[in-house]
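Input: a single structure, listed below in structure tokens.
Count residues from 1 along the sequence.
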Amino acid sequence: MIKEILTIIFLISAFPVGYLLAYLCKDEILQLRKWFLVIFAGSLILSSAISFFYFEIRTEIILSLFYIAIAGLISIWKSYDKKFLGKYSNNSQKF
């Protein structure tokens, strides 16, 4: 019971970390949006594959990958918010 509660708390804490990451990296978010998407997709695919094949053995790895996926998703989501980015939304550079 305690393990499940700690797991839920751990995964919920990824949301504020994603917001903090987006806040601290406002200027990089626009330039590196595709890499945040790669990190999100890779973490989600890896965690799904590992949980499908080796769920009981690799619980810590699955939780870590889901944590990275949630934090990356929040960062990607906030990169489209012009009000959140403020002055950085007009100075975006494409690579």
Side-chain angles (χ1 to χ4, degrees):
M1 180 71 179
I2 293 178
K3 184 177 179 181
E4 288 83 9
I5 292 172
L6 290 175
T7 301
I8 291 170
I9 291 171
F10 176 73
L11 289 177
I12 289 174
S13 71
F15 290 98
V17 169
Y19 281 109
L20 181 66
L21 181 65
Y23 178 76
L24 294 176
C25 303
K26 285 183 181 180
D27 51 342
E28 287 93 3
I29 281 182
L30 292 173
Q31 297 172 356
L32 302 174
R33 186 183 296 163
K34 68 177 179 178
W35 293 110
F36 277 108
L37 187 59
V38 168
I39 290 170
F40 164 71
S43 297
L44 196 61
I45 290 169
L46 279 173
S47 62
S48 299
I50 292 172
S51 66
F52 183 71
F53 293 112
Y54 305 108
F55 183 72
E56 291 298 322
I57 300 170
R58 306 282 187 236
T59 308
E60 297 83 13
I61 295 172
I62 295 166
L63 289 176
S64 299
L65 289 170
F66 271 127
Y67 189 91
I68 292 168
I70 292 170
L73 179 65
I74 296 294
S75 298
I76 293 167
W77 177 53
K78 294 310 271 181
S79 72
Y80 289 103
D81 188 4
K82 301 293 183 191
K83 187 184 285 186
F84 178 77
L85 293 175
K87 66 178 181 177
Y88 296 108
S89 63
N90 297 331
N91 298 332
S92 64
Q93 298 175 356
K94 300 287 181 184
F95 285 102

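Rounding to the nearest 0.5 Å places CD1 of I29 at 9.5 Å from CG of L24. Residue S48 holds its OG atom at 9.5 Å from CG of L65, rounded to the nearest 0.5 Å. Once rounded to the nearest 0.5 Å, the distance linking OG of S13 with OH of Y67 reads 4.0 Å. Residue K83 holds its NZ atom at 9.5 Å from NZ of K78, rounded to the nearest 0.5 Å. A distance of 9.0 Å separates OG in S79 from CG in D81, rounded to the nearest 0.5 Å. Interatomic distance, L32 CG to D27 CG, rounded to the nearest 0.5 Å: 9.0 Å.
The residue from I61, L44, L46, T7 that alone fulfils the side-chain contact (heavy atoms from CB on, under 4.5 Å) condition with F66 is L44.
Within the 3.5 Å criterion, the main-chain N or O of I76 finds no donor-acceptor partner in the side chain of R33. Q31 contributes no side-chain N or O that, together with a main-chain N or O of E28, makes up a donor-acceptor pair within less than 3.5 Å.
Classification of the Y19-W77 ring pair by plane angle, with boundaries at 30° and 60°, yields perpendicular.
The hydrophobic clustering, which links ILVMFWY residues whose side-chain heavy atoms are closer than 4.5 Å, places I2 and L63 apart.
Side chains of I39 and I68 form a contact here, defined as non-hydrogen atoms less than 4.5 Å apart. Counting heavy atoms from C-beta outward, I45 and F40 have side chains that stay 4.5 Å or more apart.
Counted within 6.0 Å of CZ on F10, heavy atoms from surrounding residues, nucleotides or ligands total more than 12; the atom is thus considered enclosed.
Listed here is the closest heavy atom pair of I74 and G18: CG2-C, 3.5 Å.
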